[in-house]
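Worth knowing before you read on, the calculation uses all heavy atoms, side chains too, and leaves out hydrogens, waters and symmetry mates.
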Amino acid sequence: MAKNISQSNVKKHMVCFSYAAYAKILINHLKSTDIPIERGLSDAELASIEATFSFTFPPDLRYILQEGLPVGPGFPNWRASSAQQLNLILNLPALGLFKQVSEGSLWCLSWGARPERGGVNTGLEKVKALLRKAPVLVPVYRNCYIPCKPNLAGNPVFYIDSQSARVLDFDVTGFFREFGMAHAPAWAPKEARMVEFWSDVAARGDTRGWWSGKLGGGWLDEVCWRLREGGWKEEEVREMMMMDGCGGEMESGNQVIGRVGLLSLVLLRGGWTREDVVYSLGLHDQNEVVDENGGRQPFKKVKKLQLTKLIPSGP
């Protein structure tokens, strides 16, 4: 009995030292959970898919698909699905980004200046141009994707839909732990690798909090990035922006004003000038601000009292 328990524990915590060994253990595990698995993709099939859709499978995902092809609900069927169906799945991340950009809820500083109000088409054209140069996101499961570049094992898995974008796991092996896969390969990364374009998008989507949505109009998202540019550490930015850890629920106009006031006070006490705070909050070039009822008013019509609430005159 003791011997059996010992062997069971060894299996549970087994460490894989090769892509092929990990892929075999994973596919067997998925079969044991009743996920339909077909024979793996051949070299010819993989080459045909890559030529058709102009991307290369990263090595870790390639080994998995060669060992066995998951075809259960949510998994892309690289063999049986039509080119049109696969094209749709491949284009979903871009469509999700376009929706967020058109609604004004997403813009990365690395993309350049945010288009002026009414310049949605200009913003979309900019993002489309950047996407043409960005690594293709290869679907793994539902809204979970892995970038094809760099063509190395260990690329992060991104979750992207029409409302958010974030790093879901450091790599594909971390993702499959969500399916109860306990075996850890020796190469599993301890942090997410930076990926051109997509890491910026995910970081932006992951730092939005109480100010998100139409109420904030997207302008408070700039604060996170300007604070980082000013030398603040990530944990300091999160602490300041989340304040008391109120999650991502949208708040009323009065609550937003109060929180901006608190954030301003923190910055002033940290040695920032009032002009620096105004710049960081993006108020120096905004035509509108949020009023106490959560509506938007022309900047010049906002009462001096509201500006005092937004930006304290001193620490």
Side-chain angles (χ1 to χ4, degrees), residues 8-30 33 55-68 70 74-75 93 108-110 134-161 164-209 224-225 227-242 245 247-248:
S8 176
N9 288 338
V10 169
K11 284 185 178 181
K12 184 176 181 180
H13 300 290
M14 184 184 298
V15 176
C16 302
F17 290 95
S18 73
Y19 303 143
Y22 171 79
K24 184 178 292 293
I25 293 171
L26 172 63
I27 291 300
N28 287 336
H29 169 75
L30 295 179
T33 61
F55 72 82
T56 302
F57 287 102
D60 39 8
L61 181 60
R62 172 184 289 271
Y63 271 92
I64 292 170
L65 296 177
Q66 285 180 312
E67 183 64 32
F75 287 98
C108 297
L109 290 188
S110 60
V136 173
L137 289 188
V138 182
V140 179
Y141 176 79
R142 298 192 187 279
N143 292 89
C144 306
Y145 294 79
I146 188 169
C148 69
K149 294 179 182 178
N151 192 233
L152 302 169
N155 286 339
V157 175
F158 294 95
Y159 177 91
I160 299 182
D161 61 18
S164 65
R166 65 183 187 274
V167 173
L168 188 63
D169 284 289
F170 295 160
D171 75 338
V172 72
T173 67
F175 169 76
F176 278 111
R177 281 196 287 273
E178 304 295 329
F179 289 80
M181 178 65 176
H183 296 78
W187 67 84
K190 299 298 187 290
E191 61 182 15
R193 173 183 289 150
M194 293 297 296
V195 176
E196 180 184 359
F197 183 83
W198 296 108
S199 290
D200 281 348
V201 171
R204 189 57 184 271
D206 195 39
T207 54
R208 289 156 54 202
C224 285
W225 291 91
L227 289 174
R228 292 191 188 94
E229 288 181 337
W232 294 84
K233 295 179 180 179
E234 182 65 28
E235 56 269 23
E236 293 171 330
V237 174
R238 287 177 177 273
E239 181 179 359
M240 286 189 291
M241 296 305 294
M242 296 299 182

Can you name the nearest heavy-atom pair linking [X] to [Y], along with the distance?
X      : Y      : answer
Val138 : Cys148 : CG2-CB, 4.1 Å
Tyr22  : Met181 : CE1-CE, 3.9 Å
Pro189 : Gly154 : CG-O, 4.1 Å
Pro135 : Val195 : CG-CG1, 4.0 Å
Val157 : Cys144 : CG1-CB, 4.0 Å
Pro58  : Pro147 : CG-O, 3.9 Å

[Y] and [X], any side-chain heavy atoms less than 4.5 Å apart:
X      : Y      : answer
Val167 : Phe158 : yes
Leu65  : Pro70  : yes
Glu178 : Asp169 : yes

Can you tell me how far apart [atom1] ([X]) and [atom2] ([Y]) are? Round to the nearest 0.5 Å.
X      : Y      : atom1 : atom2 : value
Leu137 : Trp198 : CG    : CH2   : 4.5 Å
Tyr159 : Tyr145 : OH    : OH    : 10.0 Å
His29  : Leu26  : NE2   : CG    : 7.5 Å
Thr173 : Leu61  : OG1   : CG    : 12.0 Å
Cys108 : Asp200 : SG    : CG    : 5.5 Å

Taking Asn155 for the side chain and Ile146 for the main chain, is one N or O donor matched with an acceptor at less than 3.5 Å?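 Looks like no, no N/O pair under 3.5 Å.
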Between Arg193 and Asp171 (side chain of the first, backbone of the second, donor and acceptor by atom type, cut-off under 3.5 Å), is there such a pair?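 Flag not set: sc Arg193 to bb Asp171 has no pair under 3.5 Å.
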Would Thr33 and Phe179 count as a side-chain contact (heavy atoms from CB on, under 4.5 Å) here? Give the steps. CA-CA 9 Å; Thr33 61; Phe179 289 80; 5.9 Å; no
So Phe55 and Phe57, would you call those rings parallel, tilted or perpendicular, with 30° and 60° as cut-offs?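 Because their plane-to-plane angle is over 60°, the rings of Phe55 and Phe57 count as perpendicular.
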Using 30° and 60° as the class boundaries, would you call the ring planes of Phe176 and Phe75 parallel, tilted or perpendicular?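 Because their plane-to-plane angle is under 30°, the rings of Phe176 and Phe75 count as parallel.
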Under a 3.5 Å threshold, yes or no: a donor from one side chain and an acceptor from the other, between Thr56 and Asn151?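 There is no such pair between these side chains.
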